[in-house]
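These numbers come from the heavy atoms of this one structure, side chains and all, not from hydrogens, waters or symmetry mates.
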Protein chains: 2
Amino acid sequence: MATGRTHRPATRSRGIPEATVARLPLYLRALTALSERSVPTVSSEELAAAAGVNSAKLRKDFSYLGSYGTRGVGYDVEYLVYQISRELGLTQDWPVVIVGIGNLGAALANYGGFASRGFRVAALIDADPAMAGKPVAGIGVQHTDELEHIIESNGVSIGVIATPAGAAQQVCDRLVAAGVTSILNFAPTVLTVPDGVDVRKVDLSIELQILAFHEQRKAGEEAGPDSGTPAAAVRAAAAVAGDRKGPDGDMPAVMPA
Amino acid sequence: MATGRTHRPATRSRGIPEATVARLPLYLRALTALSERSVPTVSSEELAAAAGVNSAKLRKDFSYLGSYGTRGVGYDVEYLVYQISRELGLTQDWPVVIVGIGNLGAALANYGGFASRGFRVAALIDADPAMAGKPVAGIGVQHTDELEHIIESNGVSIGVIATPAGAAQQVCDRLVAAGVTSILNFAPTVLTVPDGVDVRKVDLSIELQILAFHEQRKAGEEAGPDSGTPAAAVRAAAAVAGDRKGPDGDMPAVMPA
DNA sequence: ATCTGTGAAGCCCTTCACAGCT
DNA sequence: AGCTGTGAAGGGCTTCACAGAT
């Protein structure tokens, strides 16, 4: 999922499909809520509804973990919470560093979901010397110079990058060199990492652009031609004929060969 | 022009696969960077490297948009920027509201990527009366009471939810009732929406949990090289284990019958 | 009677490999 | 000669539908 990854037929992970892994946290959240309400058992149908998936998918997912249900009855909530937690590696404590304590970094540091489930903010790191020592979310910000030392002395293997795009690759390189093998990247850049390092990215503007695509499609379909969308005028300019074979419109004016 | 107003089989947008749509913003970003460096043309190989995908995939993706390249040469950068922008609906201006101006909401409001590409923060909304009027990112925060009025008078169709989990569904319902048809949800909850409304979710703790899973797997592998057997061995070992066929360990103490 | 666990079918996406332009 | 555009093959995920357990 990271950058260019060479061939690898079938990872010896444990045979759990990536798509399933990505849903386990969803199930876990739903189960935790049930657990807090002291619900003892739950059917695949009920749990699936709570997690927002369909029940066949949920059962298939669980089948990769083992046979944890009881036919005719359902799943034991507490038992499943434990099994999924263990599968996800949440029965241990993961120290995490956040690099880049701007608006977003601070928001992440304050995010409750961190501590609640196996993750502990071990340090906040920023390149601005003026930030050093300032407490954010009850933790003193440390300067980037300390990065390697912090990683090593805390045994950190997960790093969160919340720096500007320009600094992200450099920070990433330093994190990896110091021993980090999993990175959550909030900077709008493609990170290049060595094999064996996992990168996941969260990109706000990409999400919005995907929504815009679907939004545009809705607007175009529901009422035939363009309805009263604001600033739709720009788009009308593209209604010229040309030799390009695009499905809809062409370049406004300038266009090279 | 070639706008096929033919029969619509089902939910197929315009034949552009969802996976392709999700990558268009990535290409767009890479192309924008090239454009700023005044690079006139780029090959599928080069652009793919910059976007972190492989070139066959990129060419296939572009083939859904039309034939925008020149064989033997590559793609014209400016032309592609325009075509992808248009496809994503970024040639028009999308007013967006952000609901929930806590740490995260403020970070989002300050996020530059918003304004830079077709999106405009039309309003910031918070339930706390004490927040009302306070400027965040140069915009005055408005109270939730104004929500419907703001949506309608600004023609907002995209909403961002950055509230606590407990308030998310309620806010969502109000947004939808007021006319919003696309929602970006940062609250750790499954949102229920009517047909025709798109929801995308960004969930920090889920991303971390996925990383933890892989991190755990790495740690487990360097210790003992199990004979490279994916699912088969798991099942084989489990069959011997006894009742429950969990691959590894069982519940510490309590466990149902 | 009920609900899980799972082969099998179907679908979508990715990757390959080469035909077709320039 | 070089690079795009694309049919075809391949792989993974989802959905179906029912056998199997309690």
Side-chain angles (χ1 to χ4, degrees), chain A residues 1 4-11 13 15-24 26-27 40-49 51-77 79-80 83 243-247 256-257, chain B residues 9-13 15-24 26-27 40-49 51-77 79-80 83 230-232 234-235 238-239 243-247 256-257:
Chain A
M1 184 104 180
R5 173 173 294 177
T6 33
H7 272 306
R8 184 155 40 155
T11 324
S13 69
I16 301 184
E18 192 57 35
T20 295
V21 172
R23 280 187 295 267
L24 291 181
L26 230 53
Y27 301 144
T41 62
V42 66
S43 70
S44 64
E45 202 77 49
E46 294 164 330
L47 183 54
V53 305
N54 90 31
S55 66
K57 192 187 288 185
L58 178 144
R59 288 198 303 278
K60 182 66 108 179
D61 283 342
F62 286 178
S63 79
Y64 292 115
L65 309 185
S67 297
Y68 293 151
T70 305
R71 297 179 194 226
V73 178
Y75 300 91
D76 180 86
V77 172
Y79 185 63
L80 249 192
Q83 291 298 349
D243 40 6
R244 293 284 180 170
K245 291 173 281 174
Chain B
T11 38
R12 251 296 145 273
S13 59
I16 301 183
E18 192 55 37
T20 294
V21 172
R23 280 187 296 267
L24 292 180
L26 230 52
Y27 302 143
T41 63
V42 66
S43 71
S44 64
E45 202 77 48
E46 294 165 330
L47 184 53
V53 304
N54 88 32
S55 65
K57 192 187 288 184
L58 178 144
R59 289 198 301 279
K60 182 67 106 181
D61 283 342
F62 286 177
S63 79
Y64 292 114
L65 308 186
S67 298
Y68 293 150
T70 306
R71 296 177 195 226
V73 178
Y75 299 92
D76 180 85
V77 172
Y79 185 64
L80 250 192
Q83 291 297 350
V234 172
R235 248 154 256 300
D243 280 325
R244 297 282 179 171
K245 292 184 264 142

Taking only N and O in the side chain of K57(A), is any of them less than 4.0 Å away from OP1 or OP2 of dT15(D)?
yes
So what does F62(B) hit on the nucleic acid, given a heavy-atom distance under 4.0 Å: a base, only sugar-phosphate, or nothing?
nothing
If the cut-off is 4.0 Å, is Y75(B) near the phosphate of dG5(D), judged by side-chain N/O to OP1 or OP2?
yes
So do the side chains of Y27(A) and L80(A) get within less than 4.5 Å of each other, counting heavy atoms only?
no
Whole angstrom is fine here: how far is it from OH in Y68(B) over to P in dT6(D)?
12 Å
Would you find a donor on one side and an acceptor on the other, under 3.5 Å apart, between the side chain of T70(A) and the backbone of V73(A)?
no
Going by distance alone, is a donor N or O of one side chain under 3.5 Å from an acceptor N or O of the other, for T20(B) and D61(B)?
yes
Could you pull out the protein-nucleic contacts involving nucleotides 19-22 of chain C (nitrogen or oxygen on both sides, under 3.5 Å)?
residue, atom, partner, partner atom, Å
dG20(C), N3, R71(B), NH1, 3.1
dT22(C), O4', R71(B), O, 3.2

Based on the rotation axes of five pairs at each end, what angle does the helix from dA1(C)-dT22(D) to dT22(C)-dA1(D) bend through, to 10°?
0°
Are OP1 or OP2 of dC3(D) and a side-chain N or O of S43(B) less than 4.0 angstrom apart?
no
Between dT2(C) (C1') and E46(A) (CD): distance, integer Å:
12 Å
Within the pair R23(A) and dT14(D), is there a side-chain N or O less than 4.0 Å away from OP1 or OP2?
yes
To the nearest angstrom, how far is D61(B) atom CG from dC12(C) atom P?
16 Å
Output yes when at least one side-chain N/O atom of N54(B) is less than 4.0 Å from OP1 or OP2 of dT15(C), else no.
yes
Whole angstrom is fine here: how far is it from NZ in K60(A) over to C1' in dT15(D)?
10 Å
